[in-house]
Protein chains: 2
Amino acid sequence: MPDVYRALSDSTRREIMKLLKDKSLTQKEIVEAFDISQPAIKKHLTILLEEEIITVTVQGKYRLYTLNRDMLQQAFREMLHYIGDLLDDQLASLKKYVEKGEMKDD
Amino acid sequence: MPDVYRALSDSTRREIMKLLKDKSLTQKEIVEAFDISQPAIKKHLTILLEEEIITVTVQGKYRLYTLNRDMLQQAFREMLHYIGDLLDDQLASLKKYVEKGEMKDD
DNA sequence: CCAACATATAACCTAATAGTTATATGTAGT
DNA sequence: ACTACATATAACTATTAGGTTATATGTTGG
C-alpha cells in the first residue's frame, strides 16, 4: 500500500511535488531546482515513485516525471476520512462528502 | 524542527490518536493496547506531546493522555491544504471547505 | 515503612533517511 | 564511432526512528 505520509514527510519531496504541480519535468530540471546532488534527488524521486505519488515516462535519454493526481486525490480523501473519524461531530458534513466520493472523482 | 508530518507519519501514533478519540487514557492503558514495550509507547507519546497533538495530566502515579483536537485539526488542515493546492481545480469545492476552516475552528 | 505498581530513563541494536563522491550505463547528435 | 549529456548505481557517512531490555524513580495502599 502506498504510504502517502512517507512521501510527504520530507520537505524536499514536498517541494518536488510543488514543482510538478503545473508541468511534468525531466530529472535534470528537477535537479537544477535544488542545491543537492543528482543521486540525492534520484532517491527522492524513487520514493515518490514507490508511493505512486508521481509517475515517470522515458523519452530518449530523458525521464519525464509527472504528478499522479489520482493518488494524491485518494490520499486527500483518506486523510479526510481518518481525521473525520477522529473529530466526528465537528466534521460530520465534510465526512459525508468524502464518503460519498462527492469530490469529482473520475 | 517541529513538524506535523512527523507526528502523523507513524501508524502506531495514528492508532494512539484513534484510541484517544473517545476518552482519555493512562499510559498503561495505551501500552496494553499494543504489542510493543512501554518505553516504545512512551517515545511515541513524547513525540505526540512535542507536536502538541496530545496533552498529559498527572494524576498520582498515572499519566492521563488526552487528544488535543484543535491541534490535530490544524495539523491535518495543513497537510490537506498542501495537497489541495497541488490538486487545485480538481478539488475546488472540497478545498474550499478545508481552507475556510469549515472544520470547526478558529 | 515497604512492596507493588506506573512511569521514566539509560544503553543498546537495527534499519531507514538523507546526503555525499565517484563511476557506470544508455542515448543522441555530428 | 565518439563524445557529450542524462540518468543510474555503488560505496560510503552521519543521523534518526523505532524498537529492545534492564533499571531507576515516584506514588500509593496496607
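Hydrogens, waters and symmetry mates are skipped; everything else that's a heavy atom, side chains included, is used. Order of the sequence lines sets the chain letters (A, B, ...), proteins ahead of strands, with each chain counted from 1.
- Minimum interatomic distance between A:M79 and B:I83 (heavy atoms only, all atoms of both residues): SD-CD1, 3.8 Å.
- Close to C:dT17, at under 4.0 Å from its OP1 or OP2, lies no side-chain N or O of A:H44.
- Looking at which nucleotide of DNA chain C each of A:I36 and B:T26 is closest to, the 5′-most match is held by B:T26.
- For the OP1/OP2 pair of C:dG19 and a distance below 4.0 Å, the side-chain nitrogens and oxygens of A:S37 include no atom meeting the criterion.
- Here the CG atom belonging to B:L87 is positioned 9.5 Å from the NZ atom belonging to A:K21, to the nearest 0.5 angstrom.
- Contacts of B:K43 with the nucleic acid, taken as non-hydrogen atoms under 4.0 Å apart, include base atoms.
- In this model, the phosphate group of D:dA6 is approached by a side-chain N or O of A:K28 to a distance below 4.0 Å at OP1 or OP2.
- Look at B:Q59 and you won't find any side-chain N or O under 4.0 angstrom from OP1 or OP2 of D:dT27.
- A close approach under 4.0 Å does occur between a side-chain nitrogen or oxygen of B:R6 and OP1 or OP2 of D:dA17.
- Candidate nucleotides C:dT21, C:dT9, C:dT27 were compared by shortest atom distance to the side chain of A:K61, and C:dT27 ranks first.
- Taking atom CG of residue A:D3 and atom P of nucleotide C:dT17, one finds them 10 Å apart after rounding to whole Å.
- Distance CZ (B:R13) to C1' (D:dT16): 12 Å, rounded to an integer number of Å.
- Nearest to the side chain of B:A40, among D:dT20, C:dA8, D:dG26, sits D:dT20.
- Whole-Å rounding puts the B:F34 CZ to D:dG19 P distance at 10 Å.
- Counting to the nearest Å, the C1' atom of D:dG18 and the CD1 atom of B:I16 are 12 Å from each other.
- A distance of 6.0 Å separates CG of B:L19 from CG of B:L25, quoted to the nearest 0.5 Å.
- A cation-pi contact, defined as under 6.0 Å to the ring centre and within 45° of the axis, links A:R14 to B:Y5.
- Atom C1' of nucleotide C:dA8 and atom NZ of B:K42 are separated by 5 Å, given to the nearest angstrom.
- For the pair B:L45 CG and D:dG19 C1', the interatomic distance rounds to 15 Å; values are reported in whole Å.
- One finds the OG1 atom of A:T55 at 8.5 Å from the CG atom of A:L67 (value rounded to the nearest 0.5 Å).
- Per the geometry, CD belonging to A:Q27 stands 15 Å off P belonging to C:dG26, to the nearest Å.
- Contact annotation: side chain of A:Q38 to base of D:dA8, donor-acceptor pair present below 3.5 Å.
- As rounded to whole Å, 13 Å separates atom P of D:dT7 from atom CG of A:L49.
- Between C:dG26 and A:R63, no contact under 4.0 Å exists linking OP1 or OP2 to a side-chain N or O.
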